[in-house]
There are 2 protein chains.
Amino acid sequence: MAVPLYQAKAEFFKTLGHPARIRILELLSERDHAVHELLESIAIEPSNLSQQLAVLRRTSMVVSYRRGSEVVYSVSVPEVRDLLLAARSILSGIAASQADLEPELTPVSAVAR
Amino acid sequence: MAVPLYQAKAEFFKTLGHPARIRILELLSERDHAVHELLESIAIEPSNLSQQLAVLRRTSMVVSYRRGSEVVYSVSVPEVRDLLLAARSILSGIAASQADLEPELTPVSAVAR
DNA sequence: ACACGACTTGCGAATGTTATCAAGTCATGT
DNA sequence: ACATGACTTGATAACATTCGCAAGTCGTGT
């Protein structure tokens, strides 16, 4: 409330602005995962993963619970999935428009004829 | 291409992860603005604004052109508008769910009765 | 009680981002 | 040609993020 909306938005996007956190959210939006499962798919140190998970927890994007000896994470904001999909389509749009411009910047020898 | 998609996504979100850049995109998604117009609405130094605009330009989110003595910016990826709206609704969802939990953490004296 | 696997936390070095100041470019009016 | 307004760029200090290592917690099986 005291925080202006545009600042909250910036913080929200900032927490999405890290490759490991993107991967985590992609995996979690398929299904819940225990930490050691995430670890198999994402090649980083356990402590690093744990820290990235903490970032996502702080912003309430994921929640965790203990199941026996493992800790399971799940997305608490399902809309994040849409955001990731939206990002993908926007990115492919940008990539396509840059491909149009590229010939002007690319040596002729590199251009297929 | 060589860059994995999840990394491109992270970079994309990272460029959204700054309050000034959010404000810029919000203003530009209403209509094109010259830099001095943005400056009136966003209270930062001209050079700082210019740098934030440069970040948005680098990621192809905005484009600029000169009109006489002024430089006009416009969004090149209209879908960004949807993203900003989506962020807002997600944030208000998170805020609402936190309001539910808050009473447990708030001193009784601070709670209206 | 002890060992082990599954995580998390604290710490510090390396790295990246942001804000400000000074200097520079470019177009327009005089 | 010169001054002025509108921006951009370069340099740098302050600040924030990230990563790996060591150490710690918490369950489960022995």
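These numbers were taken from a predicted model, which means no experiment stands behind them. Naming: A, B, ... by sequence-line order, numbering from 1 per chain.
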Applying side-chain hydrogen bond (donor to acceptor under 3.5 Å, both in side chains), which residue pairs with at least one partner in residues 74-95 of chain B are found, sequence neighbours left out?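 Found none.
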What side-chain hydrogen bond (donor to acceptor under 3.5 Å, both in side chains) pairs are there with at least one residue in residues 9-25 of chain A, not counting sequence neighbours?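 Counting only pairs at least two positions apart or across chains, the side-chain hydrogen bond (donor to acceptor under 3.5 Å, both in side chains) contacts touching residues 9-25 of chain A are K9(A)-E26(B), R21(A)-Q52(A).
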So if I take residues 6-27 of chain A and measure heavy-atom distances to DNA chain D, which residues fall below 4.0 Å?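 Listed by number, they are H18(A), R21(A).
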Which hydrophobic side chains are connected to [X], either touching it within the sub-4.5 Å cutoff or through other members that do?
| X | result |
| --- | --- |
| L85(B) | none |
| V72(B) | Y65(B) |
| V63(B) | none |

Taking only residues two or more places apart in sequence, or in another chain, which ones meet S60(A) in a side chain to side chain donor-acceptor pair (under 3.5 Å)?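 In terms of side chain to side chain donor-acceptor pair (under 3.5 Å), with neighbours along the sequence ignored, S60(A) is linked to Q98(B).
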Base, backbone or nothing for each nucleotide of nucleotides 8-13 of chain C, written B, S, -, heavy atoms under 4.0 angstrom, 5' to 3'? BBBB--
Nucleotide by nucleotide, nucleotides 24-30 of chain D touches protein heavy atoms under 4.0 Å in the pattern (B base, S sugar-phosphate only, - none) ---SS--
Which residues pass the side-chain contact (heavy atoms from CB on, under 4.5 Å) test with L39(B), not counting sequence neighbours?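 So L39(B) forms a side-chain contact (heavy atoms from CB on, under 4.5 Å) with P46(B), L49(B).
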In chain order, what residues pass the side-chain contact (heavy atoms from CB on, under 4.5 Å) check against A54(B), with sequence neighbours excluded?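 Expected list: R57(B), R58(B).
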Applying salt bridge (Lys or Arg N to Asp or Glu O under 4.0 Å), name anything that partners E45(B), two or more places apart in sequence or on another chain.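 Partners of E45(B) under the salt bridge (Lys or Arg N to Asp or Glu O under 4.0 Å) test: none.
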